[in-house]
Amino acid sequence: MAVSLPILVILIALHLIAFVFAVGAERRRSAAKVVPDEYDDRTYCVYTTDASTVYGLAAFALLLISHALLNALTRCLCCGKGLVSGARSTCAVFLFIFSWVSFLGAESCLLAGSARNAYHTKYRGYFGVDDLSCATLRKGVFAAGAALTLISMLASILYYWAHSKADTGGWEKHRNEGVGLATHHQQQGPDYGKA
């Protein structure tokens, strides 16, 4: 299997768009403030926009599509036709594992950040009580997802390249084997006619 430039462009584009969405999610995290209820002594939280939840889920989906495409092309390393043994296949296996670890880390940050950002606290307590705070997403969760998205992009590209170099395409490589016509020596039979 050779490295396909259109496939590389698609993988890079999906990862970069996911990165942009993750950075946008970090910048648009929900903020909240405690506001007294006008009808009783209770307080409640007022939140700003939920845009980062949508951005985080969009980044999650794009990264999932990109990784699914990569694993469909390489047949998830375990379902393929085989790799040439040696340093190239070892490198491909290492990059496969690194690609999956960075992918799962990025996906967990993006999904957890989106879920936590979507959570809104309703009524918190009575007016005048100290230590009232509204639940918001901690700063840096989407940034970690964005960083892991870039690492996942690099690992995916390197894995695709290493897999294409180590892929046999269904044919096993045979070393030092040939038909043997050039080195064939003919043995002579017993010598009957000589005295």
Side-chain angles (χ1 to χ4, degrees), residues 1 3-35 44-80 90-124 131-164:
M1 174 176 82
V3 175
S4 172
L5 188 61
I7 297 299
L8 278 177
V9 168
I10 290 170
L11 287 174
I12 291 171
L14 287 171
H15 276 89
L16 288 179
I17 294 169
F19 172 76
V20 168
F21 274 126
V23 169
E26 179 66 30
R27 306 263 307 150
R28 300 283 309 252
R29 286 179 298 116
S30 293
K33 62 180 180 177
V34 178
V35 176
Y44 63 97
C45 297
V46 175
Y47 289 89
T48 59
T49 181
D50 274 340
S52 66
T53 301
V54 176
Y55 290 164
L57 290 175
F60 175 86
L62 288 171
L63 196 57
L64 185 65
I65 291 168
S66 173
H67 211 69
L69 174 67
L70 175 69
N71 284 303
L73 288 173
T74 61
R75 292 183 180 88
C76 193
L77 190 67
C78 53
C79 301
T90 304
C91 183
V93 169
F94 171 76
L95 289 169
F96 172 76
I97 294 168
F98 186 64
S99 156
W100 268 98
V101 168
S102 60
F103 164 74
L104 291 175
E107 290 285 275
S108 63
C109 284
L110 294 171
L111 189 61
S114 296
R116 182 68 177 163
N117 191 67
Y119 176 75
H120 295 294
T121 306
K122 302 296 180 196
Y123 285 92
R124 291 296 297 168
D131 296 333
L132 291 180
S133 65
C134 301
T136 56
L137 178 65
R138 178 174 281 167
K139 186 177 183 179
V141 175
F142 285 121
L148 286 170
T149 298
L150 287 181
I151 293 171
S152 175
M153 178 183 73
L154 179 65
S156 296
I157 291 168
L158 291 175
Y159 164 61
Y160 180 60
W161 176 79
H163 186 274
S164 68

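Residue numbers run from 1 in the order of the sequence given.
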Provide the full list of salt bridge (Lys or Arg N to Asp or Glu O under 4.0 Å) pairs with a residue in residues 3-14, sequence neighbours left out, each pair given once. none
By side chain to side chain contact (heavy atoms under 4.5 Å, CB included), which residues pair with Ser108, not counting sequence neighbours? none
Can you confirm whether Leu111 sits close enough to Leu57 that some side-chain heavy atom of one is under 4.5 Å from a side-chain heavy atom of the other? yes
Going from OG1 on Thr149 to CD on Glu107, what distance comes out if it is rounded to the nearest 0.5 angstrom? 7.5 Å
Can any side-chain N or O of Ser164 pair as donor or acceptor with the backbone N or O of Trp161 at less than 3.5 Å? yes
Kindly say whether Gly140 contributes a backbone atom to a donor-acceptor pair with the side chain of Glu26 at under 3.5 angstrom? yes
Residues which pass side chain to side chain contact (heavy atoms under 4.5 Å, CB included) with Ala162, listed by chain and number, not counting sequence neighbours: Cys91, Ala92, Leu95
Nearest heavy-atom approach of Leu148 to Cys109 is CD1-SG, 4.2 Å
With sequence neighbours excluded, what pairs up with Phe21 under the ring-ring contact (aromatic ring centres under 6.0 Å, His included) test? Tyr55
Are any side-chain N or O atoms of Tyr160 and backbone N or O atoms of Thr74, one a donor and one an acceptor, separated by less than 3.5 Å? no
If you apply the rule side chain to side chain contact (heavy atoms under 4.5 Å, CB included), what do you find for Leu150 with Leu16, and how did you get there? CA-CA 7 Å; Leu150 287 181; Leu16 288 179; 4.1 Å; yes
Using side chain to side chain contact (heavy atoms under 4.5 Å, CB included) as the criterion, list what pairs up with Ser99, not counting sequence neighbours. His67, Leu70, Ala155, Ser156
Could you report the tightest heavy-atom contact between Ala22 and Ala59, atom names first, then the distance? N-CB, 3.9 Å
To the nearest 0.5 Å, what is the distance between CD1 on Ile151 and CG on Leu154? 8.5 Å
Approximate separation, where rounding is to 0.5 Å, of Leu11 CG and Leu69 CG: 5.0 Å
Any chance you could measure Ile157, atom CD1, to Ile7, atom CD1, to the nearest 0.5 Å? 12.5 Å
The test is side chain to side chain contact (heavy atoms under 4.5 Å, CB included); show your working for Phe60 and Ser114 and say whether it passes. CA-CA 9 Å; Phe60 175 86; Ser114 296; over 6 Å; no
Distance check, rounded to the nearest 0.5 Å: Thr53 atom OG1 versus Asn117 atom CG? 3.5 Å
Where does the angle between the aromatic ring planes of Phe94 and Phe98 fall among parallel (under 30°), tilted (30 to 60°) and perpendicular (over 60°)? parallel
Looking at residues at least two apart in the chain, or sitting in another chain, which of them share a side chain to side chain contact (heavy atoms under 4.5 Å, CB included) with Val54? none
Output, in order, the C-alpha distance, side-chain angles, deciding distance and verdict of side chain to side chain contact (heavy atoms under 4.5 Å, CB included) for Leu110 and Phe142. CA-CA 6 Å; Leu110 294 171; Phe142 285 121; 4.0 Å; yes
Which heavy atom of Arg29 sits nearest to which heavy atom of Lys139, and what is that distance? NH2-CG, 3.5 Å
